[in-house]
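See structure below.
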Amino acid sequence: MIPEGNRPLALLTDDSEHNLDVLRRGLRRSASFALYVVLAADAARAEVLRRLRAWSGAGGVPALHFFAAGAAGVEEIERFLAVSARGRPFAGAVIPDGVALMDTNGGAAVASLNMARDVLGKLIRGPLVLVVAAGRAAELSRMAPDLFDVRAATLEVASMFVEPAALVALEHEEAQDLSSPSRAELQAEAARLRALADGEIPAGALADAWIQLGYSFLEQAELGEARAAAEEGRRLAERAGYTSGIGDALALEARVLEMTGPAEAWEGALRRALAMHRETGELAKISIRLSWLARAAARLGRPEEAEQLLRESIHLCEQLGDIRGRAVALGQLADVLQARGELDEALRIHQEEELPVYERLGNVWARAVALGKVADILKARGELDEALRIRRQEELPVYERLGDVWARAVTLGKVADILEARGELDEALHIRQQEELPVYERLGDVRHRAIALGKVADIIQARGKLDEALRIRQQEELPVYERLGDVRSRAIALGKMADVLQARGELDEALRIHQEEVLPVYERLGDVWSRAVTLGKVADVLQARGELDEALRIRQEEELPVYERLGDVRECAIALGKVADVLQARGELDEALRIRQQDELPVYERLGNVRERAIALGKVADILQARGELDEALRVRQQDELPVYERLGDVRSRLVCQANMALIHLERAAPGGREVAAELLRIAHRDAAHLQIPEEEMIRRIQREAGLTP
């Protein structure tokens, strides 16, 4: 009986067996750096990697470091080449996926290897084995001519024709494969793995295969299948005493639990995964787990802990010389700071510390993602034109050049978000329906299709078509999340559905959904921020029902303290503005004005959020108008509010402001004021009709009641 570790994954031709003997002898003789190119694909490639793993460190072959496969391996190679300290070179190394080198980021890693030809001997003191499909060898040679000039040998390995065997990945990092197999293909692969008899493939390798399959299921949003694959991978890894594999399986399980809960299980799985990798001393994986745990801490309302974990991750990356990993962790730190309202510092990190790294590495994809984060911050600050320019001129062209249709579709959705914020609903809807949705449908990405449909419903709701918006939520969006078991996305969609019901005047049902279906989910997930936002929605409904005291209590005692504890100054300011709304509705105008001017406005000014500052100034004008201070109210609208919307290109907010200015002119009854009001209403009505939004009818009603010609 063949021992488990030596059981072949494919039957090879006689010539291939001879070539592998030549390779093994060459590996034994490599006293200095030597490149071996092995041409193998599919089952033959899996068998070559199994042999190399078995030879590593035995029979005179030096210990071989195996880089990961796929995009994760490309990133690992880029990190390896960026290391400045040469004191601990590898005795030997294997690059198992030469095809990924060529197909990822335009072959940037191949170019880096080629340029590093003269220093590779300082990084690898023995053999480097590069495995690539035979049909791509000539292309690789053209991309790395200098590297190929110094190769010791090129050997071809092919398998005999037999029934297809399961292809087991011998190395795995947390990364999605560049290909996107269908759900049926993934389920077929799971069936093949289950059919393997005990001992037919080494348990550790089989554990890796299940974990890799689990990530593929996760990519397809098949959460139940991903969880099952993670559990099977963990079982096999535990059986083999494969500590690192146990950590990988727990990390995958945590990714699923992040979306399904409960929160304690999610965080617990991450902490156990981190402990496993600390035990094995895998610094790179420890750094990744720290970043994931930081995301959990931030979600669970512990931003200070999140920052501490990220700083530890950044320190580890510095120890490893992993400049790309450090940049990624810094970007995540910027996300935490952005959530706390520290937009200037978040923007500085992205622009001054993260982006330059990707530019230096030539990693155009990562640079595009970081630019998207910059655009997110600019949008949050109300700088819509610049955010739109970045999306269209700097981010989208990268994905188009790389052929990344999925990332392009996601970015088009972000473009639509900005257009919607500017009131350009027709163009936003066109992008959603004609450019974004068809991509997800073609790729079979049901989860992102459902999210995009929800965004379509947002636009339709903004136009006042409440019945159609509700139909999309109930019949096309929610069922997807329910089938996938994605409780978080389902809760978000239910909250949006409640918003539609509130707009239709169905306040009791809207309140029931928020209290009985949405809040319990966030409580189970431990998502304190989303729970606070939902409590704010409950207060909105109560205020609409006239229950002002209870709405005020929730704002002051249940919502605001959460944002204060999280250090989220922006959400604090927004919630204080809602408190002022309630006080204004109760007639407490002086206190409402004080909150606006002393507590809310200074925050937006400090954050540089010009749009929200303008909205708050409009609320100040409302209070001044209610107090009878019409001249000052008009001045605020004309000089402080309206110019901001005009500069931002926010047509919808501009026309609402113009209608409010018209109302002040009519109330003042000053000479010529009626004519000014008529012109303001005419312009506002024209723009509202063009946008096809409910404000059109509101403006027509004002015109009729004032006796002005539409």
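Worth knowing before you read on, the calculation uses all heavy atoms, side chains too, and leaves out hydrogens, waters and symmetry mates.
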Could you measure the distance from the CD1 atom of Ile574 to the CD atom of Glu559? Nearest 0.5 Å is fine.
9.5 Å
Got Leu388 and Leu419 here, is their nearest side-chain heavy-atom distance under 4.5 Å?
yes
Step by step, would you call Glu667 with Leu630 a side-chain contact (heavy atoms from CB on, under 4.5 Å)?
CA-CA 8 Å; Glu667 190 175 349; Leu630 302 182; 3.8 Å; yes
Would you mind checking if Asp344 and Arg606 are paired as a salt bridge, meaning a charged N to carboxylate O distance below 4.0 Å?
no
Rounded to the nearest 0.5 Å, what separates atom CD1 in Ile390 from atom CD1 in Ile418?
8.5 Å
Taking all heavy atoms of Ala306 and all of Ala297, pick out the closest pair and write down the distance.
N-CB, 3.9 Å
Check side chain to side chain donor-acceptor pair (under 3.5 Å) between Gln692 and all other residues, then give those that pass, not counting sequence neighbours.
none
Closest non-hydrogen atom pair between Ile513 and Met497, with its separation:
CD1-CE, 3.7 Å
Just wondering, are more than 12 heavy atoms of other shown residues or ligands nearer than 6.0 Å to CD in Gln308?
no
For the student: nearest non-hydrogen atoms of Ser313 and Ala329, plus distance
OG-CB, 4.0 Å
Give the minimum heavy-atom separation between Ala334 and Ala346, together with the two atoms involved.
O-CB, 3.3 Å
Is there a salt bridge (charged side-chain N to carboxylate O under 4.0 Å, His left out) between Asp640 and Arg613? Walk through the geometry before answering.
CA-CA 9 Å; Asp640 296 325; Arg613 177 180 180 273; 5.3 Å; no
Do Trp292 and Leu309 make a side-chain contact, defined as non-hydrogen atoms from C-beta onward lying under 4.5 Å apart?
no
Calculate, to the nearest 0.5 Å, the distance between atoms NE2 and CD belonging to His350 and Gln338 respectively.
6.0 Å
Spacing of Arg700 atom CZ and Leu708 atom CG [to the nearest 0.5 Å]:
13.0 Å
Inspect the contact between Arg311 and Glu307 and indicate whether a charged nitrogen and a carboxylate oxygen are less than 4.0 angstrom apart.
yes
Mind checking whether Arg545 and Leu511 have side chains closer than 4.5 Å, heavy atoms only?
yes
Would you mind reporting whether Arg367 and Glu394 have side-chain heavy atoms less than 4.5 Å apart?
yes
Nearest non-hydrogen partners of Gln332 and Arg295, listed with the distance:
NE2-N, 3.6 Å
List for me each residue that meets side-chain contact (heavy atoms from CB on, under 4.5 Å) alongside Ala670, sequence neighbours excluded, and say none if there are none.
Arg668
Shortest non-hydrogen contact from Ala659 toward Leu681
CA-CD2, 4.2 Å
Could you check whether any side-chain N or O of Arg391 sits under 3.5 Å from a backbone N or O of Gly372, counting only pairs where one atom can act as donor and the other as acceptor?
yes
Separation between CZ (Arg488) and OG (Ser530), nearest 0.5 Å, reads 6.0 Å
Testing Glu420, Glu695, Glu424 for salt bridge (charged side-chain N to carboxylate O under 4.0 Å, His left out) with Arg652, which one passes?
Glu695
Check: Tyr399 and Val369 side chains under 4.5 Å, non-hydrogen atoms
yes
Taking the side chain as everything from C-beta on, heavy atoms only, tell me whether His665 gets closer than 4.5 Å to Arg674.
no
Lys414 vs Lys379, side-chain contact (heavy atoms from CB on, under 4.5 Å): CA-CA, chis, key distance, verdict:
CA-CA 10 Å; Lys414 296 280 193 174; Lys379 179 176 179 285; over 6 Å; no
Would Cys657 and Met661 satisfy side-chain contact (heavy atoms from CB on, under 4.5 Å), going step by step from the backbone distance to the final call?
CA-CA 6 Å; Cys657 181; Met661 287 167 57; 4.1 Å; yes
Going by heavy atoms in the side chains, are Leu655 and Ile693 under 4.5 Å from each other?
yes
Verify side-chain contact (heavy atoms from CB on, under 4.5 Å) between Arg408 and Leu412, making sure each step is shown before the conclusion.
CA-CA 6 Å; Arg408 179 180 182 274; Leu412 281 169; 3.4 Å; yes
When you look at Lys496 and Glu477, which way does the salt bridge (charged side-chain N to carboxylate O under 4.0 Å, His left out) test go after all the steps?
CA-CA 11 Å; Lys496 296 277 195 154; Glu477 186 182 9; over 6 Å; no
Please determine whether a side-chain nitrogen of the Lys or Arg among Glu267 and Arg302 lies less than 4.0 Å from a carboxylate oxygen of the Asp or Glu.
yes
Got Leu519 and Arg531 here, is their nearest side-chain heavy-atom distance under 4.5 Å?
yes
Sidechain N-carboxylate O distance under 4.0 Å for Glu646, Arg654
no
Value for CD1 (Ile702) from CG (Leu666), rounded to nearest 0.5 Å, stands at 8.5 Å
Can you give the donor-acceptor pairs under 3.5 Å from side chains of residues 617-624 to other protein atoms, not counting sequence neighbours?
unit_1	atom_1	unit_2	atom_2	d
Asp622	OD1	Arg637	NH2	2.4

